[in-house]
Number of protein chains: 2
Amino acid sequence: MSETDRRIAVFESQLKGAGLRMTQQRRLILRVLAEADDHPDAKGIFTRAFAHDPTLSLSTVYRTMKVLESQGAIERHAFEDGISRYEHADQEHHDHLIDVDSGEVIEFSSDAIEELQRRIAAELGYELVRHRLELYGRKKQPARKPARKRG
Amino acid sequence: MSETDRRIAVFESQLKGAGLRMTQQRRLILRVLAEADDHPDAKGIFTRAFAHDPTLSLSTVYRTMKVLESQGAIERHAFEDGISRYEHADQEHHDHLIDVDSGEVIEFSSDAIEELQRRIAAELGYELVRHRLELYGRKKQPARKPARKRG
DNA sequence: GGCCCATAAGAAAATCATTCTCATTTGCAA
DNA sequence: TTGCAAATGAGAATGATTTTCTTATGGGCC
Ligand SMILES: [Mn+2]
Ligand SMILES: [Mn+2]
Ligand SMILES: [Zn+2]
Ligand SMILES: [Zn+2]
């Protein structure tokens, strides 16, 4: 069973467990999400799904994302442009670094920073419920010997 | 000279330095921003300013915020609801903790977490350009002796 | 396999923050 | 003062997302 199939099975059981129907559209969207290894927005998911079923509507994508989010099956992120982007929640918690030049999204996780956030909240008298951490960076050039001037 | 007046003077010199005009509307909006000790959105700024000049338009608030942001005079944040909120940049860098029950915004700063973010980016081969860090938390009840059951 | 009907889908209108357009006003340098 | 580029006010436009309304359908039950 492929990773994609396993994710779809998880999605389906989450829906079933909540007493929700497994429609053709949901099945298709689940497949798109399970196959995604990036952070597509609603339009991106719609485009990928529409290729398989040209009767699908964008409303259904939005509705399905809302259902899946409330089931905890996916995570929604809004980076700097404010547009909602989605990824399946079938993975350990991580945060994101966005390449400011290319827009590429790189995932990372750090126990140290997770712990530090909890501690900061605690010092302020709060229990940390969730957080948003996004790093925006520029690729470093690998250090190298300065080239000799030519000519 | 009050802190408010000093902030206004800074704002004005920033505008003048960029060759921009000091209009009545901008003067008013600068005052509202200088006096603010919270994180108002455009409508909030408009409401406060409108009380002093009922000819002001919301478009002008948005335009002015864009100008001020490009001058580095204010900072713009978009917390979970995606609405842009503003604060004057006349203060040291800090991040925010949002009380999930009351919506209250608490400012904090931590050299440790700033450094850790730089290090994480560096380990990924990136130079940190900026970041977004928001903690969402719930007020802790102060630990207390369990009350004896009454009656 | 059909039946029923609450749930879900499609299409299009509505919403809401923000930006843009354009006619009119105004800051400010000369 | 004058001239004019820059700025404003009012309202239209935009774009992501949600809602409305009518029609379609998943899936438990016979
Ligand atoms: Mn991710
Ligand atoms: Mn702040
Ligand atoms: Zn994290
Ligand atoms: Zn910070």
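The chains referred to below are lettered A, B, ... by the order of the sequence lines, with proteins before strands, and numbering in each begins at 1.
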Q: Rounded to whole Å, how long is the line connecting atom CZ of R76(A) with atom P of dA16(D)?
A: 15 Å

Q: Applying a 4.0 Å non-hydrogen cut-off, can you work out what S59(A) is touching in the nucleic acid: base, sugar-phosphate, or nothing?
A: base

Q: Choosing from dG27(D), dG9(D), dT19(D), which nucleotide comes nearest the side chain of R63(B)?
A: dG9(D)

Q: For the pair made of CD1 in I83(A) and P in dT18(D), what is the distance, rounded to whole Å?
A: 13 Å

Q: Between dG26(D), dT18(D), dT8(D), which nucleotide gets closest to the side-chain atoms of T23(A)?
A: dG26(D)

Q: Which two nucleotides bound the region of DNA chain C that has atoms under 4.0 Å from heavy atoms of chain A, read 5' to 3'?
A: dA6(C) to dA12(C)

Q: Find which nucleotide of DNA chain C each of G82(B) and L56(A) is nearest to by heavy atoms, and output the residue with the more 5' nucleotide.
A: L56(A)

Q: Are Y86(B) and H39(B) an aromatic pair, judged by ring center distance below 6.0 Å?
A: no

Q: Can you see which heavy atom on F46(A) is nearest to which on S57(A), and at what distance?
A: CE1-C, 3.6 Å

Q: Please report the closest heavy-atom contact between E134(A) and E80(A), naming both atoms and the distance.
A: OE1-N, 4.5 Å

Q: If you compare all heavy atoms of M22(A) against all heavy atoms of L30(A), which two are closest, and at what distance to 0.1 Å?
A: CE-CD1, 4.0 Å

Q: Output the rounded distance in Å from OH (Y62(A)) to P (dG15(D)).
A: 13 Å

Q: May I have the distance from M65(A) (atom CE) to dT18(D) (atom P), rounded to whole angstrom?
A: 11 Å

Q: Please walk me through it: do E3(A) and R7(A) pass salt bridge (charged side-chain N to carboxylate O under 4.0 Å, His left out)?
A: CA-CA 6 Å; E3(A) 184 67 11; R7(A) 285 190 184 130; 3.6 Å; yes

Q: Between K43(B) and Q25(A), which is nearer to the 5' end of DNA chain C once each is assigned its nearest nucleotide?
A: Q25(A)

Q: Can you measure F46(B) atom CZ to dA10(D) atom C1' for me and round it to whole angstrom units?
A: 11 Å

Q: Would you please indicate if the ring centroids of H131(B) and H93(B) are separated by under 6.0 Å?
A: yes

Q: Does L124(B) sit in a hydrophobic cluster with other residues, and if so which ones, taking ILVMFWY side chains as linked at heavy-atom separations under 4.5 Å, directly or through other members?
A: L97(A), I106(A), F108(A), I113(A), L116(A), I120(A), L124(A), Y126(A), L128(A), L133(A), L135(A), L97(B), I106(B), F108(B), I113(B), L116(B), I120(B), Y126(B), L128(B), L133(B), L135(B)

Q: Find the distance K16(A):NZ to dG26(D):P and express it as a whole number of Å.
A: 13 Å

Q: Of the options dT8(D), dA7(D), dG26(D), whose atoms approach the side-chain atoms of R21(A) most closely?
A: dG26(D)

Q: L58(A) has an atom CG; how far is it from atom P of dT19(D), in whole Å?
A: 15 Å

Q: Between atom CZ in R26(A) and atom C1' in dG26(D), what is the gap in whole Å?
A: 10 Å

